[in-house]
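Here the structure is laid out as structure tokens; the discussion comes afterwards.
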Amino acid sequence: MTGRPRPRRWLAAPLAAVLAVPACAAGGGPEEVMVLAASSLTEVFDQIGADFAAENQSYAVRFAYAGSSVLAAQARNGAPADVIALASAASLAPILDETTPESRGVTFARNQLVIAVPEGNPARVTRLADLGRPGTRVALCAEQVPCGALAVRALAAGRVIVRPVTLEQDVKAALSKVAFGEADAALVYRTDAAAAADRVDAVEFAEASDAVTDYPIAVLRGAPHAAGARVFVDFVLSESGRQRLRAAGFGLP
């Protein structure tokens with residue numbers, strides 16, 4: 001694929017946590033597709049990646065997971081990646097020029113917030129307003145990442161004032177504060193709470209209808225492996241990909 005050259009300055013941090021899913025070992029090896037993906041997609045994309053590799057022997061896929069704002073900065077600064085999947089359309093908007101027109105802004109999943117609490121809910125958090133109680137230790141995502149922006153929206157809808165003990169750069173980090181007993185509650189995605197059900201409980205709340213986000217996926221302009229990138233995006237949008245997303249608790253467009 002042709003396109004304007006992109007500078008090769010980029011932040012290396014997300015690529016430190018990369019999952020390699022080999023497609024085959026024969027011959028010269030498969031074409032490797034690099035995917036930048038929001039941390040809330042970790043479990044389901046690991047599964048989709050394995051399915052993709054099993055069905056597409058010409059390709060392998062690697063994932064770099066991080067907060068959407070970090071990944072957008074990666075793409076803007078020319079990370080050598082092929083596909084980007086973020087946790088909100090707002091995160092993709094500043095880098096639309098870095099994506100190919102045919103894939104721009106395709107929504108493949110939806111998510112919404114729940115309150116994650118330690119097993120047994122020792123602080124007795126049963127509604128959003130409880131997060132504003134004095135002494136309740138609350139973990140939130142930073143406002144510049146989608147889970148943080150959604151938390152701000154939900155708290156405003158409920159007229160709840162929270163003084164968080166921490167502001168994290170991605171939803172997994174916020175959830176870990178609850179899982180390790182460092183917070184009494186956190187506002188996280190429903191799918192992340194479900195994936196950690198052996199460590200946390202999920203509390204639904206009425207204002208969650210004001211805390212829904214769409215996930216876009218796109219092929220990056222000048223992708224080193226553009227053909228494989230398009231095949232992977234099509235696979236995520238396929239019935240096989242949708243079944244994985246549905247089973248993980250994501251809503252579907």
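Below, each value reflects all heavy atoms present in this structure, side chains not excepted, and no hydrogens, waters or symmetry copies.
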>> For Cys141 versus Ala174, what's the shortest heavy-atom pair and its separation?
In response: SG-CB, 4.1 Å
Donor-acceptor contacts, no H, no angles, side chain residues 148-168, under 3.5 Å, sequence neighbours left out:
residue, atom, partner, partner atom, Å
Thr166, OG1, Glu168, OE2, 2.5

>> Is the shortest side-chain heavy-atom distance between Ile95 and Ile84 below 4.5 Å?
In response: yes
>> Thr107: which residues meet the side chain to side chain donor-acceptor pair (under 3.5 Å) condition with it, sequence neighbours left out?
In response: none
> Excluding sequence neighbours, so at least two apart, what forms side chain to side chain donor-acceptor pair (under 3.5 Å) with Ser40?
Replying inline: Tyr215
>> Nearest 0.5 Å, please: how far is CG in Leu220 from CZ in Arg76?
In response: 12.5 Å
> Who passes side chain to side chain donor-acceptor pair (under 3.5 Å) against Asp201, sequence neighbours left out?
Replying inline: none
>> When you group the ILVMFWY residues by side-chain heavy-atom contacts below 4.5 Å and let the links chain together, are Val145 and Leu113 in the same group?
In response: no
> Side-chain contact, heavy-atom cut-off 4.5 Å: Ser91 with Gln144?
Replying inline: no
> If we only count heavy atoms from C-beta on, is the Arg110 to Phe250 side-chain gap below 4.5 Å?
Replying inline: no
> Atom CD1 in Ile217, atom CZ in Phe108: separation rounded to 0.5 Å?
Replying inline: 5.0 Å
> If Ile, Leu, Val, Met, Phe, Trp and Tyr residues are connected whenever their side-chain heavy atoms lie under 4.5 Å apart, and connections chain through other members, are Val114 and Leu245 in the same group?
Replying inline: yes
>> Whether the Thr42 and Asp46 side chains hold a donor-acceptor pair (N or O, under 3.5 Å, no angle test) is what I'd like checked.
In response: no
> What is the minimum heavy-atom distance between Pro118 and Val178, and which atoms define it?
Replying inline: N-CG1, 3.3 Å
>> I'd like to check Phe205 versus Leu187 (side-chain heavy atoms, cut-off strictly below 4.5 Å). Are they in contact?
In response: yes
> Please walk me through it: do Val236 and Ile48 pass side-chain contact (heavy atoms from CB on, under 4.5 Å)?
Replying inline: CA-CA 7 Å; Val236 171; Ile48 288 175; 4.2 Å; yes
> What closest approach, in Å, do Asp214 and Pro216 show between heavy atoms, and which atom pair accounts for it?
Replying inline: O-CD, 3.5 Å
> Transitively linked via ILVMFWY side-chain contacts under 4.5 Å: Phe63 with Val83?
Replying inline: yes
> Does a side-chain heavy-atom distance below 4.5 Å link Ser240 with Phe235?
Replying inline: yes
> Counting distance only, does the side-chain N/O of Asp130 pair as donor-acceptor with the main-chain N or O of Arg127 below 3.5 Å?
Replying inline: yes
> Around Glu143, counting heavy atoms of other residues, nucleotides and ligands shown, do more than 12 lie under 6.0 Å from its CD?
Replying inline: no
>> My understanding is that only residues two or more places apart in sequence, or in another chain, count here; which of them pass side chain to side chain donor-acceptor pair (under 3.5 Å) with Thr136?
In response: none
> Taking all atoms of both residues into account, what is the closest heavy-atom pair of Ala87 and Ser68, and its distance?
Replying inline: N-OG, 3.0 Å
> Any salt bridge between Arg244 and Asp51, counting N to O under 4.0 Å?
Replying inline: yes
> Please, which pairs that meet side-chain hydrogen bond (donor to acceptor under 3.5 Å, both in side chains) have at least one residue in residues 180-197, sequence neighbours excluded?
Replying inline: Asn111-Thr191, Arg137-Asp184, Lys172-Asp192, Lys177-Glu182, Arg190-Glu204
> Should Val219 and Leu41 be regarded as members of a common hydrophobic cluster, given that ILVMFWY residues are connected when their side-chain heavy atoms come within less than 4.5 Å of each other, either directly or indirectly?
Replying inline: yes
> How close do Ala193 and Ala202 get, heavy atom to heavy atom, and via which atoms?
Replying inline: CB-CB, 4.0 Å
> Would a 4.5 Å heavy-atom cut-off, applied to side chains only, mark Tyr65 and Leu71 as touching?
Replying inline: no
> Do Leu86 and Val212 belong to the same hydrophobic cluster, where Ile, Leu, Val, Met, Phe, Trp and Tyr are linked whenever their side-chain heavy atoms lie under 4.5 Å apart, directly or via other members?
Replying inline: no
> Taking NZ, NE, NH1 and NH2 as the nitrogens, is one of them in Arg62 or Glu32 under 4.0 Å from a carboxylate oxygen of the other?
Replying inline: yes
> Between Met34 and Asp82, does a side-chain contact (heavy atoms from CB on, under 4.5 Å) hold up when you go through it step by step?
Replying inline: CA-CA 5 Å; Met34 185 68 204; Asp82 302 296; 3.7 Å; yes
> Within the side chain of Asn56, is there an N or O that forms a donor-acceptor pair under 3.5 Å with the backbone of Phe52?
Replying inline: yes
>> How close do Ala116 and Val188 get, counting heavy atoms only, and between which atoms?
In response: CB-CG2, 3.7 Å
